[in-house]
Amino acid sequence: QVQLVESGGGLVQPGGSLRLSCSASGDTFSNYAMGWFRQAPGKEREFVSVISWSGGSAYYADSVKGRFTMSRDNAKNTVELQMDSLKPGDTAIYYCAADRHLTVVDTEFGYWGQGSQVTVSA
């Protein structure tokens, strides 16, 4: 099992940047692919990005491609999501997720953090 804790959310103006972090504990971190998902008010949870076990491959939703960058540090058991050129439509609760399999489907992730609020507003 792995436990996940997100940090770094907050309020930012449109066009600004934020960096989310997710710290993992428990099982061997490098055994898990990691993902970020988000859920806006009144909407279903959606895929944002996923990164492979070594960090060698990352995949992004079209809506964030070119603006968000996901990375991981297996020595520190952390994964980050650098969010640039933020838009009001990026406002959501962002969740970190982990699973032994590499997938973009939220229901296939076995472990979740508590979520971190990101609000993009002038």
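Linking ILVMFWY side-chain heavy atoms closer than 4.5 Å, directly or via other members, places Tyr95 and Tyr60 in two distinct hydrophobic clusters. Linking Ile, Leu, Val, Met, Phe, Trp and Tyr whenever their side-chain heavy atoms come within less than 4.5 Å leaves Phe37 and Leu4 in two separate clusters. Val12 and Ile93 are assigned to two separate hydrophobic clusters, defined by single-linkage of ILVMFWY side chains at heavy-atom distances under 4.5 Å. Leu18 and Ile51 fall within the same hydrophobic cluster, where Ile, Leu, Val, Met, Phe, Trp and Tyr residues are linked whenever their side-chain heavy atoms come under 4.5 Å apart, directly or through other members.
No more than 12 heavy atoms of other residues, nucleotides or ligands shown are found within 6.0 angstrom of CD on Glu44.
For the pair Arg100/Asn31, a side-chain contact is recorded, criterion being any heavy-atom separation below 4.5 Å from C-beta on. With contacts defined as side-chain heavy-atom distances shorter than 4.5 Å, the pair Leu102/Trp53 qualifies. The side-chain heavy atoms of Met70 and Val79, taken from C-beta on, include a pair separated by under 4.5 Å. Counting heavy atoms from C-beta on, the side chains of Leu81 and Val48 come closer than 4.5 Å. A heavy-atom distance below 4.5 Å is found between the side chains of Cys96 and Met34. Looking at heavy atoms from C-beta onward, Gln82 lies in side-chain contact with Ser17 at the 4.5 angstrom threshold. Considering only heavy atoms from C-beta on, Thr103 stays 4.5 Å or farther from Val50 through its side chain. Between Met83 and Thr69 there is no side-chain heavy-atom pair separated by less than 4.5 Å.
Among all heavy-atom pairs drawn from Gly9 and Val118, the shortest one is CA-CG2, 4.2 Å. Looking at every heavy atom in both residues, Gln114 comes nearest to Val5 through OE1-CA, 3.7 Å.
A donor-acceptor contact closer than 3.5 angstrom is absent between the side chains of Ser116 and Glu6. Checking Asp27 against Tyr32 by side-chain atom types alone, a donor-acceptor pair falls below 3.5 Å.
In this structure, the side chain of Asn77 does not engage the main chain of Ser25 through any donor-acceptor pair within 3.5 Å. Panel note: side chain Thr28, backbone Ser30; no donor-acceptor pair is recorded below 3.5 Å. The main-chain N or O of Ser23 is never found under 3.5 Å from a side-chain atom of Thr78 such that the two would form a donor-acceptor pair.
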* To do: Show your working on side-chain contact (heavy atoms from CB on, under 4.5 Å) between Gln117 and Thr91 and close with a plain yes or no.
  => CA-CA 8 Å; Gln117 177 69 49; Thr91 296; 4.1 Å; yes

* side-chain contact (heavy atoms from CB on, under 4.5 Å) between Asp90 and Arg67: does it pass, once the steps are laid out? -> CA-CA 11 Å; Asp90 295 318; Arg67 300 188 297 120; 2.7 Å; yes

* side-chain contact (heavy atoms from CB on, under 4.5 Å) evaluation trace for Arg38 with Leu20 -> CA-CA 12 Å; Arg38 67 187 183 186; Leu20 298 178; over 6 Å; no

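Cation-pi contact between Arg72 and Phe29: present, with separation from the ring centre below 6.0 Å and deviation from the ring axis of at most 45°.
The existence of a salt bridge linking Arg45 and Asp106 is confirmed by a sub-4.0 Å separation between a basic side-chain nitrogen and an acidic carboxylate oxygen. Ionic pairing of Asp62 and Lys65 is present here: one or more N-O contacts between side-chain nitrogen and carboxylate oxygen are shorter than 4.0 angstrom.
Ring centroids of Phe68 and Trp36 are separated by 6.0 Å or more, keeping the two rings apart. Not less than 6.0 angstrom separates the ring centroid of Tyr59 from the ring centroid of Phe47.
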